[in-house]
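Accompanying notes for the structure given below.
Sequence lines set the chain letters: A, B, ... in the order given, protein chains first and strands last, and positions in each chain run from 1. Every value quoted in this text rests on a predicted model; they were computed, and no experiment measured them. Excluded from the calculations below are hydrogen atoms, water molecules and symmetry mates; all remaining heavy atoms, backbone and side chain alike, are included.
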Amino acid sequence: MESIRVKVETIVHELFDMAAEVTIERPDAQFGDAATNVALQLAKPLGKNPREIAEAIAGRLRQSEDIGGVTIAGPGFINIRLTDYALIHQIYRRPQHLYDSKNIVFEYSCPNAFKELHTGHLYQTIYGDIAARLLLVGGAKLHRTSFGGDVGLHVAKCLWGMRQVLGGDEPGKLDDIAHDAFERARWISECYVRGAGAYEGNAKAEIDELNKTIYGFHDKSDHASSLAQIYWTTRQWSFDYFEAFYKLIDVEPMRYYPESETAPTGLKVVREQLQQGKLKESDGAVVYEGDESKHLHTRVFITGQGLPTYETKDIGVIWLEKRDYDFDHRYLLTGNDQKEYMRVVFAAAMDFRPELAGTMTHMTNGTVRFADGKKMSSRMGNVSRAADVIEAIREKVAAIVADESMRESVVLGAVKYAFAKYRLGGDINFDLDETVNLQGNSGPYLQYAHARARSILSKSGESFVKPQEIYDEDRMLVRKLGEYSETVETAMHELAPHHICNYLFELAQEFNRYYEKNRVIGDEKEAHRISLVALYADILKAGLMLLGIQAPEKM
RNA sequence: GCACUCGUAGCUCAGCUGGAUAGAGCACUUGCUUGCGGAGCAAGAGGUCGUGCGUUCGAAUCGCGCCGAGUGUACCA
């Protein structure tokens with residue numbers, strides 16, 4: 001398609017001495033393999049009849065050896081039919097490296113220490129991991145990062161709860177709690193609930209005091225006192241739990257920046273910028289004054305009590321990531337609710353450090369809603385816990401997939417695909433039944449499609465040879481196979497994996513249609529057809545791999 | 001109040017840098033069913049693309065107004 005675009009642009013330039021931006025579309029099969037509407041666009045500036053322009057361009061295009069035929073349709077669409085050779089050639093085209101040797105930081109997931117991961121984290125972690133894969137495939141030098149709170153009020157509440165449960169500052173008793181990372185995380189979470197309740201009751205002052213004490217563990221490097229030992233041990237439990245969870249869902253781990261690390265850097269920067277006059281003091285707090293004409297709010301960076309806010313910690317993490325990786329570009333994925341807030345942080349960051357301008361992109365995801373929330377909550381308890389979602393899917397998969405060794409990859413295929421198939425931005429509707437439904441647009445459906453294709457290949461004695469010609473019945477399938485590389489490019493460019501999901505599903509449908517009508521094994525065209533099946537299976541596998549989904553040989 | 005996001009088939013969503021009869025899955029109706037894995041295929045029904053103006057040869061797509069849903073709007077993250 002790329003070559004056709006260039007061809008048309010060249011022709012337009014030669015014929016009319018104009019630089020037109022040509023787009024090549026994939027038209028309906030009845031029209032051809034490629035189409036362009038340049039003639040319609042040029043009609044006005046040239047003051048000519050669009051069909052006349054189209055005829056002139058078509059005449060030149062017909063001389064090209066890649067092109068089997070050109071027709072003009074409707075008001076002046078140019079429809080192009082490719083030669084068999086060109087069509088086959090497209091299948092072998094590799095996606096372009098859109099991020100070649102770019103040094104990229106991608107921050108996502110961002111769970112708080114001392115808390116469990118919820119469905120929002122699950123969604124964002126999976127989506128982030130896939131987007132990161134796209135950057136990698138695009139040739140980027142990629143650094144995955146994550147950022148979260150290991151200090152702050154939520155930690156104080158939690159530690160207060162631990163004290164109650166342990167019956168005092170008794171780090172020795174932690175050994176008796178649990179040794180499994182997930183059970184430990186659950187225990188921490190129970191302690192948090194206790195503390196949060198007490199904070200609303202009569203323990204507020206005590207917990208506020210504890211909050212300062214915890215900051216002190218970092219400032220004074222206190223690892224010795226009993227309470228500090230509880231803190232450092234359970235903090236590590238949290239990190240181990242993150243690691244265990246990422247492993248469970250088979251995603252790459254990230255470099256984690258805890259707030260205790262980013263806050264000092266952020267504070268230093270903020271105080272310097274206060275001196276520079278980029279920040280102002282207001283009611284005892286340090287604020288960044290928003291620009292109303294740009295719809296930026298005023299936000300507090302250091303509170304009246306001298307504590308850094310999230311804003312300052314976010315500045316800190318940007319500075320640390322810049323220091324550690326010297327990124328060319330930084331992508332950040334957070335929930336929708338942080339959109340306006342982050343605009344201010346970005347504006348402040350660029351104000352403090354102008355060279356950051358244009359190097360940061362904020363992407364946002366919507367919230368996960370459960371289609372069958374009632375059913376789940378009654379059975380599973382806390383619906384929103386990420387581990388419970390995986391467990392619920394596991395139960396459903398167990399009922400469908402007989403081979404136990406296959407189940408886990410189907411579970412992950414189901415959940416990853418379910419999240420990847422939505423365009424990023426809006427709230428998503430998570431329907432457990434649809435997720436594992438083997439009919440329709442789901443991960444397991446595509447995994448099955450792959451296993452089925454492999455099964456055909458293993459039954460044939462023919463080995464793969466590159467197809468040399470295309471029969472009429474092959475054409476639709478071959479066309480679809482050829483769309484792979486440009487689909488990946490689109491997904492890569494927009495960091496939008498849903499394009500790949502849609503494509504793979506359409507490809508599987510196209511193949512099923514083909515397979516329904518054309519016998520492969522035992523047919524006189526077996527050798528030829530087996531090669532198409534092999535190309536299909538390979539593309540399916542490659543696409544699923546981009547989504548972080550395994551393509552099993554059998555199911 | 002102001003800002004941002006969203007509103008496409010009964011449900012869940014694609015399509016949105018303007019183009020040819022608006023697509024898919026689920027659900028629904030009918031047919032294929034002794035099968036190379038039918039977890040499939042074929043056909044059907046279902047849409048004033050929230051709404052009204054505007055720009056354009058052409059609008060689901062761009063602009064403005066309105067209606068509806070959600071989020072954010074200084075010491076939380």
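Within the nucleic acid shown, Gly426(A) has no heavy atom closer than 4.0 Å to any nucleic acid atom. Contact annotation for Asn518(A): base contact, defined as any heavy-atom pair under 4.0 Å involving a base atom. Residue Tyr445(A) is in sugar-phosphate contact alone, with no base atom involved, counting any heavy-atom pair closer than 4.0 Å across all strands shown. Contact annotation for Ala449(A): no contact, since no heavy-atom pair falls under 4.0 Å across all strands. If you check every strand for non-hydrogen atoms under 4.0 Å, Lys517(A) touches nothing. Asp523(A) comes within contact range of no nucleotide atom at all, as no heavy-atom separation falls under 4.0 Å. If you check every strand for non-hydrogen atoms under 4.0 Å, Gln305(A) touches nothing. Heavy atoms of His499(A) sit under 4.0 angstrom from primed sugar atoms or phosphate atoms, though from no base atom. Heavy atoms of Glu516(A) sit under 4.0 angstrom from at least one base atom. Among the heavy atoms of the strands lying under 4.0 Å from Ser455(A) is at least one base atom, whether or not backbone atoms are also near.
Which of C13(B), C4(B), C75(B) sits closest to the side chain of Lys339(A) comes down to C4(B). Considering only side-chain atoms of Asn429(A), the nucleotide from G19(B), G72(B), U12(B) that sits closest is U12(B). For His498(A), whose side chain is taken as the heavy atoms from C-beta onward, the closest listed nucleotide among G15(B), A77(B), U12(B) is G15(B).
Regarding Lys294(A), its NZ atom lies at a distance of 17 Å from the C1' atom of C4(B), rounded to whole Å. Protein atom OH of Tyr341(A) is 18 Å distant from nucleotide atom C1' of A3(B), rounded to whole Å. In this structure, the CD atom of Glu340(A) is 20 Å from the P atom of C76(B), given to the nearest Å. In this structure, OH of Tyr417(A) is placed 19 Å from P of U12(B), rounded to the nearest angstrom.
Using a 4.0 Å cut-off between charged side-chain N and carboxylate O, Glu55(A) and Arg51(A) make no salt bridge. Look at Lys212(A) and Asp208(A) and you find no salt bridge, because none of the NZ, NE, NH1 or NH2 atoms lies under 4.0 Å from a carboxylate O. Under 4.0 Å is where a charged nitrogen must lie from a carboxylate oxygen, and between Glu340(A) and Arg299(A) no such pair does. Between Arg454(A) and Asp538(A) there is a salt bridge, since at least one side-chain N of the basic residue sits less than 4.0 Å from a carboxylate O of the acidic one.
Within the 4.0 Å cut-off from OP1 or OP2 of C57(B), at least one side-chain nitrogen or oxygen of Lys44(A) is found. Regarding contacts with the backbone of U12(B), every side-chain N or O of Arg369(A) stays at 4.0 angstrom or more from both OP1 and OP2. Between His295(A) and the phosphate of G72(B), there is no side-chain N or O to OP1/OP2 separation shorter than 4.0 Å. A sub-4.0 Å separation between OP1 or OP2 of C36(B) and a side-chain N or O of Arg519(A) is present. Remark: His297(A) is not in phosphate contact with C2(B), judged by side-chain N or O atoms under 4.0 Å from OP1 or OP2. Residue Lys313(A) places at least one side-chain N or O under 4.0 Å from the OP1 or OP2 atom of A77(B).
Side-chain atoms of His154(A) come within 3.5 Å of backbone atoms of Ala113(A) as a donor-acceptor pair (strictly under, hydrogens ignored). A donor-acceptor distance shorter than 3.5 angstrom exists from the side chain of Ser146(A) to the backbone of Tyr108(A), with no hydrogens or angles considered.
The side-chain heavy atoms of Glu281(A) and Leu274(A), taken from C-beta on, include a pair separated by under 4.5 Å.
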Just the atom pairs and distances: protein N or O near nucleotides 58-64 of chain B's N or O, under 3.5 Å.
none

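Ring-plane geometry between Tyr310(A) and Phe147(A) is classed as parallel, the angle between the planes falling under 30 degrees on a 0 to 90 degree scale with a further cut at 60.
Taking atom P in both G52(B) and A59(B), the straight-line distance is 15 Å, to the nearest Å. Of the P atoms belonging to A22(B) and C49(B), the separation is 10 Å, rounded to the nearest Å. The separation of A24(B) from C41(B), taken at their P atoms, amounts to 12 Å, rounded to a whole angstrom. G10(B) and C28(B) are spaced 10 Å apart, taking the C1' atom of each and rounding to whole Å. When the C1' atom is used for both G46(B) and G1(B), the distance is 42 Å, rounded to whole Å.
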(message) Across nucleotides 20-27 of chain B, 5' to 3', mark each nucleotide with B, S or - according to how protein heavy atoms within less than 4.0 Å reach it.
(response) BB--SSS-
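Residues Phe31(A) and Phe77(A) keep their aromatic ring centres 6.0 Å or farther apart. For Tyr536(A) and Tyr514(A), the ring centers are positioned 6.0 Å apart or more.
Around the NE2 atom of His493(A), the shell of radius 6.0 Å holds no more than 12 heavy atoms that belong to other residues, nucleotides or ligands.
A donor-acceptor contact under 3.5 Å is formed by the side chain of Ser282(A) with the base of A74(B). For Tyr515(A) against C41(B), a side-chain-to-base donor-acceptor contact under 3.5 Å is absent.
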(request) Using a 3.5 Å limit on both pairing distances, list the dot-bracket string of RNA chain B from the 5' end; Watson-Crick and G-U wobble pairs count, crossing pairs take [ ], interstrand pairs take |. (result) (((((((..((((.....[...)))).(((((.......))))).....(((((..]....))))))))))))....
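A side chain to side chain donor-acceptor pair (under 3.5 Å) check over residues 399-412 of chain A, counting only residues at least two apart or in different chains, returns the pairs Arg394(A)-Glu408(A), Asp403(A)-Ser405(A). Sorted by first then second residue, the salt bridge (charged side-chain N to carboxylate O under 4.0 Å, His left out) pairs that include residues 495-515 of chain A, not counting sequence neighbours, are Lys480(A)-Glu506(A), Glu510(A)-Arg513(A).
Looking at residues two or more places apart in sequence or on another chain, you find no side-chain hydrogen bond (donor to acceptor under 3.5 Å, both in side chains) involving Gln447(A).
Nearer the 5' end of RNA chain B, as judged by each residue's closest nucleotide, is the contact made by Met555(A), out of Met555(A) and Arg299(A). Residues Val401(A) and Asp337(A) both approach RNA chain B. Their nearest nucleotides, taken by heavy-atom distance, put Val401(A) toward the 5′ side.
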